[in-house]
Amino acid sequence: MIARNFEYSTPSTLAEALALLADGEAKALSGGMSLIPLMKLRLASPDLVVDLSGVPGLNGIVETADGIEIGAMTTHHDVESSALLRSKCPLLAETAAAIGDVQIRNRGTIGGAVAHADPSADYPAALQALEARVKIAGVAGERVVSAADFFVDTFTTALEPGELVTGVIVPAEAEGTGVNYTKMLQPASGFAIVGIAVRVRKDGSLARIGVTGLGAKSYRAEAAEAKLAAGDVDGAAALVADGVEANADIHASAAYRSQMARVYGARAMRAALNRAA
Amino acid sequence: MKISGAHKLPLGRDRAFRAMQDPAVLAQCMPGCESLDRTGEDEYAMRMKMALAAVTGQFQGKVRIADSAFPESFRLIVEGSGKVGFMKGDGLVRLTEAAPDSTEVAFDGDVHVGGTIASVGQRLIDGTAKLMIKRFFDKLAAKAAEVE
Amino acid sequence: MATTTTTPTKTESLIGKRLRRREDPRLITGNATYVDDIQLPGMHYACIVRSPHAAANVKKVDIQAAAAMPGVVAVFTGEDTKDVGPVPCGASLPGLRVPYHHILAVGRVYFVGHPVAVVVAADKYVARDAAEAVEVEYEELPAVADPEKALAEGAPAVHPEWPDNVSFNFHQEGGDCAAAFAEADVVVKQRITSQRLIPTPMETRGVVADWKTGDRSLIVYSSTQIPHLLRTLVAGMLALPEHKTRVITPEVGGGFGCKLNVYAEEALMGFVSMKTGKPVKWIESRRENYLCTIHGRGHVDYFEIAAKNDGTILGMKLKLIQDLGAYHQLLTPAIPTLSVLMMPGLYRFRNITADIVGVFTNCVPTDAYRGAGRREATHGIERMVDLLAAELKMDPAEIRLKNFIQPEEFPFATATGLTYDSGDYALPLRKALEISDYTGLRAKQVEARAAGRLMGVGMSTYGEICAFGPSPATPAGGWESATVKIEPSGKVTVLTGASPHGQGEETTFAQIAAEELGIDVDDVVVLHGDTAIVQYGIGTFGSRGTAVGGPALYYALQELKAKIKRFGEMMLDSSDVSFAGGVCVCNQTGRSCTLAEVAGAAHRAMKLPPKTEPGMQATYFWEPPNFTFPFGAHIVVTEVDRDTGQIEVTRYVAVDDCGRIINPLIVDGQVHGGVAQGLGQALYEQAVYDDNGQLLSGELTDYAVPKATMMPWVESHHTETPSPVNPLGVKGVGEAGTIGCSPAVVNSVVDALSQLGVRHLDMPLTPEKIWNAIQGGRA
Ligand SMILES: Cc1cc2nc3c(=O)[nH]c(=O)nc-3n(C[C@H](O)[C@H](O)[C@H](O)COP(=O)(O)OP(=O)(O)OC[C@H]3O[C@@H](n4cnc5c(N)ncnc54)[C@H](O)[C@@H]3O)c2cc1C
């Protein structure tokens, strides 16, 4: 398990990083938890690896008028244990805690996870439910894209070649919102067979359901949300997997995955409702 | 692994059929296709570079068209191999007229993948194959205007 | 001569003491030396080019580009190595078809991962790059990966010379099965599979070969369970004199049977070191480990059991289809024969008939994996007994108790020709029933069912055959050896021929030696795993380390004790001397001398007792008169999630009888580890090949080895029924947990689902499979 030869650089500004990444064969390195295994298997062989760990301003969690901004280099562990997120956006903290194992959470970053867009990754479910926005920087400038537009397909995002995710913006949760992230684990890898993120208020003013693992990309189950808003959990659960072409692999067939999306959907909704005021 | 699906092309059936067998069009629409050279009757040699997220791989292979029944169906046989493994696809492509200037292209076949990509990427093969096919049809649809 | 008056102080026995493993500090602080830690001056690195196809003709291997890369020293293909002897198969069966197993493929590849070429380079990075630059042209051929499909008419031939894909047929019978089945009130049949598993030791395999051009001798460092056998066989393959071949086994990070083997790479590294004149290292990657190191299990079993209406078992039939893979590794064809040997389990019936078909497939070979053969047998028997109990509406504990061989019937001759040494089979079962509060559990189950929950209680009793074994019954010798050296200062070195690798014998053997010599356990060191230091030995596998290596040590110690006594008599000038507690005491005068004084005198040799050599060393080769037969009972409580099919093991009670226990802490550790691997088989693990022979579970991200968080709390208890086979009374415990576990878990889950009409489930019990069974049951 040895990677092909590559160059390695540690830029100290974002501009420098973006300039290096403008070459199509370069790859950004954040936590390395997805990139390094692919390189060792020789499924990825970038000519240049651009380590983002020295770029200032990408790490940390701050509250702004706009919401809570999590820098791209913030590790899963830091999200999981952030007092700010735990009190104001517990769904994200809870989702981070469900990722992989301790080592993965200590290294892996939210920017890397979002950019990688693994169809079974956990964060995307929460980001869909949170209607989060992804901050992107490129040589041409900066832009912000909604989670719904950011995740395009299997391992495919709205990022243009050479662009970087610099952060994720999530809303501070209003008082009384109940949230929950529940996943069915694939026992070998720990990734989600399905993962469901829910935000709900009892008065029906908010109902959001984000789904990961089921199809080619994460999504918001909007038809189900309408039922949930009306307090019909079973009706909502029945719609969670609707219209989605489910993934199949040696761990779960498409039919079973869809059914688990409904079962876990109902569980996540009930758990969120229990916490809602 | 079985793979099947259907996509719409904004082309009449005859044009759609010809487009899908036109090497120049194929070369432009196949994701990552770097070259497509005719090696015989309905047979082409192909080089492609697959890129999906961090994964990249170079493949060399063959594309063969058989059992061509204009304008209804043909068999497409694709074989490629590279450092990370190999793939083979064999499927029947069927065209039905959905409306004037709209053709539904349905495919149904077998994909066989081997090497590193099979043994470490089994959960991704299905999704990746579907994505690649979707990209092909999206590109072809976008190029419809240029098709004769 | 210094003599003092002392009284023996050591009274507390070391046998049965819960001592911590002395191996552990170095292992858990990263101070152990594994093969990959070995650095030799001028060392080079090998990387192996492997087939991505399960079956293909090799049309051309173009090494030019690879050979031209800077840093590459040599590239070899099957043409270069074809004169090296074949990878050996040590097992023999009548009519066995043995394909010639070249160390590098010649002309054709037979499974994904089949080695085709090897690159040697100055560093491992260059070696890996150069391996990628070797161009191999394949002509793909049809493959078959499933043993039942391989037997079907028209299946692709794995080896063209044997189009039926059959390597051997093996028949064994005892008693009169036809009569037993004719007489039966009830016959139950079931197809039961034991899926292919990947042993997954934490340390993959690794080899360093060091050819000493000047001496024309070879040192092979290998992560193996059998250093001496490996030396004999590798020397043979390379046509080297055995005495000029040395195998060193540093720390082994887990074997579980998969390193009870001789692999192509072990000879191949010797070959490349000899050709290049350089020390060469090869470390297996996890991917290679999954593709190329043997797998375990791979059974499809068709069982039939015949019984009376009162539950008395009369006989059993078995048709066993063994997935062999493409080749025979060291013991491949022998493993299923162990299943047949243990078919009677703990039960008194004496009518069996069994047929094995050994089938070639385009997969990596199967071979010994923890519990080898016996786990498959136990799984089948214990499932069949539960199926029978269900058929007769009997309690599973009751039907077992009714059919057990009784304590007074030992030694018991089985229908398969074995003689069970000792046992009281009801003892662990009754203990497990009591500890688990079986009656209470059944009451809780009634409540759970009323509440709509799916709770299951399952049990398995097991008997295993261990301590391989009497030499006539084993492919190589079945004895074991020990040397004990008492150094001039009285400190003790033990050299064991059993090459322990994680079983803790550095601790248990020190306990045995210290107990026998009456000295402090820290005054004993146990060495193993270097053929230049340790006398010939057989190795550690089949739960034999303590059960065969232990008695060898015991008898070596007895020889030394006699010699110590002779020196004591001389030094104390008395014929009435006893040696105990590390001290020789004259029973007349009370004068004494310590072991250190005796050892010093024996080495100084100013004066010697009559007919006595100087020095203080003894070697013993012990031939066991029989196998040993440990037994036990496991009870498992499960709760099944109706909506998802997920299983939670809510209680796990294991009562194992492994004869006399030397170190309970180590025995518990062996049970826990065994149970973890048993749970892996029951619930999670499976090697998945697709129809074309591609291994889809090719990494730890898809092959689910249980993690610590997936383990239930294992309540490990024991009964102790000493074995009469050896003076220590020990039986062996390395595989017990694995053997007892999977049937207990499956029985428990079937019990949970029985109210839905489910009567059998094959492993692994994945949530989807269980969910489907629930849906089927509901309909
Ligand atoms: C054993 C294991 C178990 C895991 N289990 C889970 C799980 O249960 N759930 C889960 O969600 N994930 C899981 N993961 C994945 C883990 O969360 C990764 O950390 C994450 O997917 C990638 O983040 P990273 O920081 O490590 O990214 P990297 O590996 O550094 O990068 C991944 C990809 O994103 C690109 N990239 C990195 N940063 C940026 C950026 N800022 N902008 C644009 N592109 C960028 C890289 O070039 C690369 O292509 C697991 C991983 C492993 C190895």
Side-chain angles (χ1 to χ4, degrees), chain A residues 1-6 33-34 36-43 45 97-98 100-104 118 120-121 182-196 233-234 237-238 246-268 270, chain C residues 45 47 69 121 123-133 198 200 204 283-289 641-647 679-680 683-690 694-710 764-772 774-775:
Chain A
M1 306 279 264
I2 294 169
R4 294 199 185 91
N5 276 330
F6 59 89
M33 294 296 96
S34 296
I36 304 282
L38 287 171
M39 288 172 66
K40 291 176 97 175
L41 288 162
R42 301 195 164 203
L43 289 172
S45 346
D101 51 43
V102 177
Q103 290 96 324
I104 301 298
D118 190 310
S120 303
T182 301
K183 83 195 258 201
M184 181 181 218
L185 288 181
Q186 192 265 70
S189 71
F191 272 97
I193 285 181
V194 292
I196 313 277
V233 169
D234 291 327
N247 297 329
D249 67 9
I250 60 173
H251 304 288
S253 68
Y256 180 71
R257 257 201 175 78
S258 302
Q259 176 62 16
M260 289 308 105
R262 293 186 276 268
V263 171
Y264 276 79
R267 288 181 182 181
R270 294 216 160 83
Chain C
Y45 296 82
C47 185
M69 286 171 70
D123 73 48
K124 57 185 175 183
Y125 310 100
V126 171
R128 178 68 181 86
D129 287 343
E132 199 173 61
I198 307 181
T200 318
T204 56
I283 300 295
E284 188 184 51
S285 69
R286 181 61 63 189
R287 257 177 64 60
E288 288 178 295
N289 181 257
D641 184 325
R642 231 179 230 282
D643 297 326
T644 65
Q646 282 162 317
I647 294 162
L679 278 170
L683 300 179
Y684 308 113
E685 300 180 32
Q686 58 181 329
V688 182
Y689 281 96
D690 73 8
Q694 295 290 333
L695 181 67
L696 300 182
S697 54
E699 262 290 348
L700 281 160
T701 46
D702 279 310
Y703 185 83
V705 174
K707 305 180 177 106
T709 51
M710 290 145 91
L765 305 180
T766 59
E768 180 165 2
K769 191 182 286 176
I770 300 302
W771 185 80
N772 280 326
I774 293 171
Q775 302 316 301

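Computed from a predicted structure; not experimentally measured.
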C:D643 side chain reached by A:R267 side chain, heavy atoms, under 4.5 Å: yes
Is any side-chain heavy atom of C:T701 closer than 4.5 Å to one of A:Q186? no
Please flag which part of A:M260 lies under 4.5 Å from any non-hydrogen atom of chain C: side chain, backbone, both or neither. side chain
Look at C:R286, C:E685, C:E132 and state which one has the largest set of heavy-atom pairs under 4.5 Å with chain A. C:E132
May I ask you to decide if C:T644's main-chain N or O and A:Y256's side chain share a donor-acceptor pair within less than 3.5 Å? yes
Which atoms of A:F191 approach chain C - backbone, side chain, both or neither, heavy atom under 4.5 Å: neither
Any ion pair linking A:D101 and C:K707 (charged N to carboxylate O, less than 4.0 Å)? no
Which atoms of C:Y684 come close to chain A, meaning under 4.5 Å heavy atom to heavy atom: side chain ones, backbone ones, both, or neither? side chain
Residue among A:N5, A:I193, A:V263, A:I2 with most heavy-atom pairs under 4.5 Å to chain C: A:I2
Is C:P706 close to chain A through its backbone or its side chain, or both, or neither, when contacts mean heavy atoms under 4.5 Å? neither
Walk me through it: do C:D129 and A:R42 pass the test salt bridge (charged side-chain N to carboxylate O under 4.0 Å, His left out)? CA-CA 10 Å; C:D129 287 343; A:R42 301 195 164 203; 2.6 Å; yes
Do A:M1 and C:E699 have side-chain heavy atoms sitting under 4.5 Å apart? yes
Which distance, rounded to the nearest 0.5 Å, do you find between the CD of C:E768 and the CZ of A:R257? 9.0 Å
